[in-house]
Engineer: 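Let me begin by handing over the structure; questions about it come next.
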Amino acid sequence: MDLDKIDVTSQPPTEEPARQYYFMAKCRARLKEFEQKNGRLPKACVTTFGCQMNARDSEKMAGILECIGYQMTESEEADFVLYNTCTVRENANNKVYGRLGTLHNYKKKNPQMLIALCGCMMQEESVVRKLKESYRFVDLVFGTHNIYKFAELIAGAYEADSMLVEIWQETDTIVEDLPVERKYFFKSGVNIMFGCNNFCSYCIVPYVRGRERSREPEEIIREIEKLAADGVVEVMLLGQNVNSYGKNLKNPISFAALLQKIEQVEGIERIRFMTSHPKDLSDELIAVMGRSKKICKHMHLPLQSGSDRILKIMNRHYDKAHYLQLVEKLRAAVPDIAITTDIIVGFPGETEEDFLETLDVVRSVRYDSAFTFLYSKRTGTPAAAMEEQVPEAVAKERFDRLLAQVQTIAAAQAKAYTGQTLPVLVEQVNVQDASLVSGRLSNNSIVHFPGNADMIGTFVDVTLEECKGFYYLGRKCEEKNPQE
Ligand code: 5AD
Ligand code: SF4
């Protein structure tokens, strides 16, 4: 789309994405003036908190910032700083408040700086109230539902003389075909659905991300074909619960069927996805994974708790036995599959017996890695109102025991691969040692080995020489990989 051809003196179009391109052209004209006045390009920085969904949203917003004329930078001492926030646990919110002070100091030095906040945390009324009261130097606040209007919001912030706040409670619109600035040229996240309908009793996501909406399969395939043509070899399909993808479309389709379509896209070598909910993980999906050459040997399957009693109060809709059965089926269909998980410790009412059930699942499954979280009370969720909140010291003690167990098992799991030669998709030159490059195995493990920047984005067969706990040191294998 050629922004210079857009007539910004006319009324903005009402349809999307044309409307956003109109506002991009408008912003671009303004930034040209900035360049003339200041004798330099304006700089923008996007900082992402939280999950892969946010990371993908940030790529979309960076795409718009770049398109309108900002030079992207890693430094927050910039002319436009955007924080894409997370609110899944309380400490995510605290991090943002903590860093806003620093941004304020930068703004005092550069009064034309604009500070924008968006994402999940902004969907909470108490947060917006606090920003309006105590953080009045913030220029633009928007949520999760109107990110596609970013260009229009920036244009509004340029004109506004006080904080511009635009939070929507819900949307059913999915706007395709806006610019995106990918962080990696060879891999990309792809949203397949938005929102969540599960209402796990501890979780704030359904309140801040809204109801579940799936993208049309044709749109997803079209995007992936374009990515492949642009050099992408690995896609990560994103959704809060990918296993329920497509159920609410006019022409329903299963996640497994979508995967089979994506497999046919030429140029795509690896397909990842997250997150899977155990209650919706189908035999069809397991069978498709078993047959696939492209779907990565990795399943992230959040357990949350191993206690049937707690799982019920969490509103998870599965029990320990069902979960263990899924793991068994996955391992039978995909030998060598890495299984990872999320676990919450200290959910209201959790007893020592409940916790031991969780430890028991950890020992039976033998996770390749696990994210462990201390339960965090999120206002507005059912769990926040539950009596019997677990004392912090008790939760912390359980957390430490869990972590020790998870780490011991993960290290042992990883060690089993030592000596094997496996394809690594090289991602970057190693940050600590420039003679090494770093990449990932199909099972998502990280491997460092001697190499150079030319290897980035390519697959290299690497012999895993030494296991360092959760990563490997390896060496490029000169012979053909016998496993291929
Ligand atoms: N407290 C602690 N952890 C939580 N998660 C979600 N909500 C909470 C909460 N209130 C964890 C879950 C989820 C992961 C993304 O974050 O384990 O799978
Ligand atoms: Fe939160 Fe549960 Fe939805 Fe995951 S599935 S986002 S934990 S409500």
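First listed ligand is number 1; within each ligand, the first listed atom is number 1. Counting from 1, the numbers follow the sequence of the chain as shown.
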Engineer: Report the part of Val205 in contact with ligand 1, treating N, CA, C, O as backbone and CB onward as side chain, heavy atoms under 4.0 Å; options are side chain, backbone, both, neither.
Structural biologist: neither

Engineer: Between Tyr318 and Tyr323, how do the two ring planes meet: parallel, tilted or perpendicular, split at 30° and 60°?
Structural biologist: tilted

Engineer: For the backbone of Ala383 and the side chain of Gln389, can you confirm whether one donor and one acceptor N or O come within less than 3.5 Å of each other?
Structural biologist: yes

Engineer: May I ask you to say whether Arg222 pairs ionically with Glu225, meaning some side-chain N is under 4.0 Å from a carboxylate O?
Structural biologist: no

Engineer: What I want to find out is whether Asp230 reaches Lys187 closely enough, with some N-O distance under 4.0 Å, to be called a salt bridge.
Structural biologist: no

Engineer: Give the contacting part of Phe373 toward ligand 1: side chain, backbone, both or neither, where contact means a heavy-atom distance below 4.0 Å.
Structural biologist: side chain

Engineer: At a 4.0 Å threshold, what atoms of ligand 1 neighbour a non-hydrogen atom of Val88?
Structural biologist: 6 (C), 7 (N), 8 (C), 9 (C), 10 (N)

Engineer: How far is atom 7 (S) of ligand 2 from its nearest protein heavy atom, and which residue and atom name does that atom have?
Structural biologist: Tyr202 OH, 3.4 Å

Engineer: May I ask you to decide if the ring planes of Phe137 and His104 are parallel, tilted or perpendicular, using 30° and 60° as cut-offs?
Structural biologist: parallel

Engineer: Show the atoms of ligand 1 that are less than 4.0 angstrom away from any heavy atom in Arg378.
Structural biologist: 10 (N)

Engineer: Does a salt bridge link Lys247 with Asp280, judged by any charged N lying under 4.0 Å from a carboxylate O?
Structural biologist: yes

Engineer: May I have all residue pairs that pass salt bridge (Lys or Arg N to Asp or Glu O under 4.0 Å) and include part of residues 325-339, sequence neighbours excluded?
Structural biologist: Asp283-Lys329

Engineer: Would you mind listing which atoms of ligand 1 come within a distance below 4.0 Å of any non-hydrogen atom of Tyr375?
Structural biologist: 1 (N), 2 (C)

Engineer: Check this for me: does any side-chain nitrogen of one of Glu223 and Lys226 sit under 4.0 Å from a carboxylate oxygen of the other?
Structural biologist: no

Engineer: Which atoms from ligand 1 have a heavy atom of Ile344 less than 4.0 Å away?
Structural biologist: 3 (N), 4 (C), 5 (N), 12 (C), 17 (O)

Engineer: Looking at Thr85 and Cys118, would you say the former's side chain and the latter's main chain have a donor-acceptor pair under 3.5 Å?
Structural biologist: yes

Engineer: Counting only protein atoms, how many N/O/S atoms are less than 2.8 Å away from atom 3 (Fe) of ligand 2?
Structural biologist: 1

Engineer: Nearest 0.5 Å please: distance from the CD atom of Glu66 over to the CE atom of Met72.
Structural biologist: 6.5 Å

Engineer: Is there a donor-acceptor pair closer than 3.5 Å between any side-chain N or O of Lys294 and the backbone N or O of Val265?
Structural biologist: yes

Engineer: Is Lys377 touching ligand 1 with its side chain, its backbone, both, or neither, if touching means heavy atoms under 4.0 Å apart?
Structural biologist: neither

Engineer: Under the rule for side chain to side chain contact (heavy atoms under 4.5 Å, CB included), what residues qualify as partners of Phe371, not counting sequence neighbours?
Structural biologist: His300, Asp342, Phe373

Engineer: Considering heavy atoms of the protein only, find what lies nearest to atom 17 (O) of ligand 1 and give residue, atom and distance to 0.1 Å.
Structural biologist: Gln304 OE1, 2.6 Å

Engineer: When you measure from atom 18 (O) of ligand 1 to every protein heavy atom, which one gives the shortest distance, and what is it?
Structural biologist: Asp342 OD2, 2.7 Å

Engineer: Would Phe23 and Phe150 satisfy ring-ring contact (aromatic ring centres under 6.0 Å, His included), going step by step from the backbone distance to the final call?
Structural biologist: CA-CA 9 Å; Phe23 283 106; Phe150 187 41; over 10 Å; no

Engineer: Please write down residue, atom name and distance for the protein heavy atom closest to atom 7 (N) of ligand 1.
Structural biologist: Tyr202 CD1, 3.3 Å

Engineer: For atom 10 (N) of ligand 1, grab the closest protein heavy atom and report residue, atom and distance to one decimal in Å.
Structural biologist: Ser376 O, 2.8 Å

Engineer: Name the option, out of Arg89, Gln240, Met274, that contains the heavy atom nearest to atom 5 (N) of ligand 1.
Structural biologist: Arg89

Engineer: At a non-hydrogen distance cut-off of under 4.0 Å, which region of Arg316 contacts ligand 2 (side chain, backbone, both, or neither)?
Structural biologist: side chain

Engineer: Of all the non-hydrogen atoms in the protein, which one sits nearest to atom 2 (C) of ligand 1, and at what distance?
Structural biologist: Leu374 O, 3.4 Å

Engineer: Tell me, please, which residues at least two apart from Tyr207 pass ring-ring contact (aromatic ring centres under 6.0 Å, His included).
Structural biologist: Phe199

Engineer: If we only consider heavy atoms of Ile204, is any one of them less than 4.0 Å away from an atom in ligand 1?
Structural biologist: no

